[in-house]
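The next block holds one structure in the form of structure tokens; read it before the comments.
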Amino acid sequence: MKLLVLIHRLPFPPDRGAKLRAAAELGYLADRHEVWCAGFMDARGGEGRSAAEASLAGWRRRCRAVAAYDLCRPLAAGRALLSVLGGATATEGFFSGRALERQVLTWGRTIGFDAVLAFSSSMAPLALKVPAGRHVLDFVDLDSQKWIEAARSAGLPRRWVYALEGRRLAERERDWIGKFDAAVLVNQREAALLAAAPSEAHAPSRRRVHVIETGVGADLDLIARERAAAGAGPGLPDEPNVGFLGAMDYPPNVEGARWFARSILPLVRMERPDAVFWIIGRSPTRAVRELDDGFAVRVTGTVPAVEPCLARMRVSVAPLRLARGVQTKVLTAMAAGVPCVVTTCVAEGIGARPGVELVVADTPERFARAVRVLLEDRRRAEALGEAGRRFVSRRFGPHAGMDRLEALLRGNDPDPAPARGPAGAALCRVG
């Protein structure tokens, strides 16, 4: 097939959850079809820019063509404001650009695409302008719900702004489902939110909504070599390293890192004064960098690969109090056999069995107790890590669901996700 893939944040490199999913989809399709790809590059800083350009060069060899445009944040913010004032959403304005649109529409007139895949709702308006036999939208998760949840904890006037964006974007999401041939979500929890429309007139067609979970993988051979080099053997290391993976300019990750460092780690260190909290991820904000005391808390910034970090990790944590979709950083740690302690809203997006394949805790006391147990009890930690690894391997293999995505692009619709009622749609926060 001749395919157009539009991605709001191009996965060059795939260094965060949504980018990992985008890279998996793009790579799978590029290996099997003729793919034209377009979107924005969101790389900041010299190191990040170099990595992005190196990754971009590799993808240009795999695709027929790649049109990558820098995302200038001040200009994007201005477009977002104008979009809101015009009655649309900030999301649509932020990820728009004349150069991108001109290139995509030129391709649309001259190539004759069999199908268009829009990755994230941000790319939906542009995708619908391109003539093609099929149009498929991968929401990943519902961006409207992120705004709605953020509004609940924001102060004025941001609360009003966030709530307005959430309401408008929710309306647009349901409108796009009606215009695309198929819509994809990352898990059943997100699909249930659509099923919980305020009225039957607003509810999307169930036939159009499909769940395709994010595939994930880790270089297990590299992790084994790193552990051997550190003298740890095939099992978990002895060092009480507690790690948190994620993009550290993403507000929920920033808040989670600060919550763990200030409210949970001191309780862990009451019994394990040698425990060290490693915050691993690109673009740490000032608030995250200030947590690094050179002793109990360490901040790495961008790392070339996460596997060496995972090899030295005894416990992985995801202390998020606001989470949507599937947290790929947790799946990556589980795939490496590292035991994970997470909050309820993270666990609900993954679907693993609490106490068997991961540990769930929502208060500082319970979270700290769970971490301490895994630091002290090697047998328990390794059993949990192995159970988590088997769960991810079984359900979230590197190419999980890609054949279903390909079928949607061809028009051979697989069975849509079974619709579940509003019971599964409760917004998740941790008190």
Side-chain angles (χ1 to χ4, degrees), residues 17 141-142 145-146 148-154 186-190 192-193 240 242-246 248 250-272 275 277-281 287-288 291 297 313-334 338-377 380-381 383-385 387-388 391-392 422-431:
D141 43 33
L142 295 175
Q145 298 304 312
K146 297 176 185 177
I148 291 170
E149 289 190 15
R152 294 184 174 186
S153 58
V186 73
N187 59 24
Q188 186 58 54
R189 182 175 67 173
E190 299 297 307
L193 287 169
V242 180
F244 178 26
L245 300 172
M248 289 303 154
Y250 180 52
N253 287 347
V254 174
E255 195 275 340
R258 297 179 69 193
W259 183 51
F260 188 93
R262 294 177 174 178
S263 300
I264 300 172
L265 184 63
L267 301 179
V268 174
R269 287 176 58 85
M270 287 177 63
E271 295 186 19
R272 288 301 304 254
F277 179 40
W278 289 86
I279 302 172
I280 304 160
V288 173
L291 296 173
V297 180
M313 200 180 293
R314 181 61 178 265
V315 181
S316 175
V317 296
L320 302 183
R321 295 191 282 183
L322 178 63
R324 297 233 55 83
V326 176
Q327 299 300 310
T328 308
K329 51 184 165 281
V330 177
L331 297 182
T332 301
M334 293 174 72
V338 179
C340 295
V341 183
V342 306
T343 50
T344 296
C345 54
V346 173
E348 287 181 345
I350 293 173
R353 292 174 293 174
V356 177
E357 292 151 343
L358 48 67
V359 178
V360 180
D362 291 325
T363 66
E365 295 76 15
R366 292 182 178 180
F367 212 112
R369 187 182 312 121
V371 171
R372 288 198 305 264
V373 167
L374 295 173
L375 292 178
E376 295 288 346
D377 190 338
R380 167 65 176 148
L384 186 73
F391 167 78
V392 171
L427 297 181
C428 180
R429 289 188 57 79
V430 176

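One finds the SG atom of Cys345 at 8.0 Å from the CD atom of Gln327 (value rounded to the nearest 0.5 Å). To the nearest 0.5 Å, atoms CZ (Phe244) and CG (Leu320) are separated by 4.5 Å. To the nearest 0.5 angstrom, Arg262 atom CZ is 6.0 Å from Leu291 atom CG. Rounded to the nearest 0.5 angstrom, Leu245 CG and Leu331 CG are separated by 11.5 Å.
Nearest heavy atom pair, residue Arg314 against residue Pro339, reads O-CG, 3.2 Å. Between Gly246 and Lys329, the shortest heavy-atom contact is CA-CD, 3.9 Å. Of all heavy-atom pairs spanning Ala261 and Pro266, the tightest one is O-CD, 3.4 Å. Minimum heavy-atom separation, Arg269 to Ala275: NH1-O, 2.6 Å. Minimum interatomic distance between Arg380 and Gly355 (heavy atoms only, all atoms of both residues): NH2-O, 3.2 Å.
The side chain to side chain contact (heavy atoms under 4.5 Å, CB included) test applied to Glu255 returns Trp259, Arg321, not counting sequence neighbours. For Arg272, the side chain to side chain donor-acceptor pair (under 3.5 Å) test picks out Asp274, Glu376, with sequence neighbours left out. Not counting sequence neighbours, the partners of Arg353 by the side chain to side chain donor-acceptor pair (under 3.5 Å) test are Glu357. Taking Phe391 as the reference, Phe396 meet the ring pair (Phe, Tyr, Trp, His ring centres under 6.0 Å) condition, with sequence neighbours excluded. Not counting sequence neighbours, the partners of Phe277 by the ring pair (Phe, Tyr, Trp, His ring centres under 6.0 Å) test are Phe260.
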Residues 364-372 side chain polar contacts: donor-acceptor under 3.5 Å, at least two apart:
{"from": "Arg372", "atom 1": "NH1", "to": "Leu267", "atom 2": "O", "distance (Å)": "3.1"}

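Contact of the Val341 side chain with the Leu374 side chain is registered, since non-hydrogen atoms from C-beta on lie closer than 4.5 Å. You'll find the side chain of Glu271 stays beyond 4.5 Å of the side chain of Leu375, heavy atoms only.
Here the options are Val359, Thr344, Val360, Val342, the test is side-chain contact (heavy atoms from CB on, under 4.5 Å), and the partner is Pro354; only Val360 passes.
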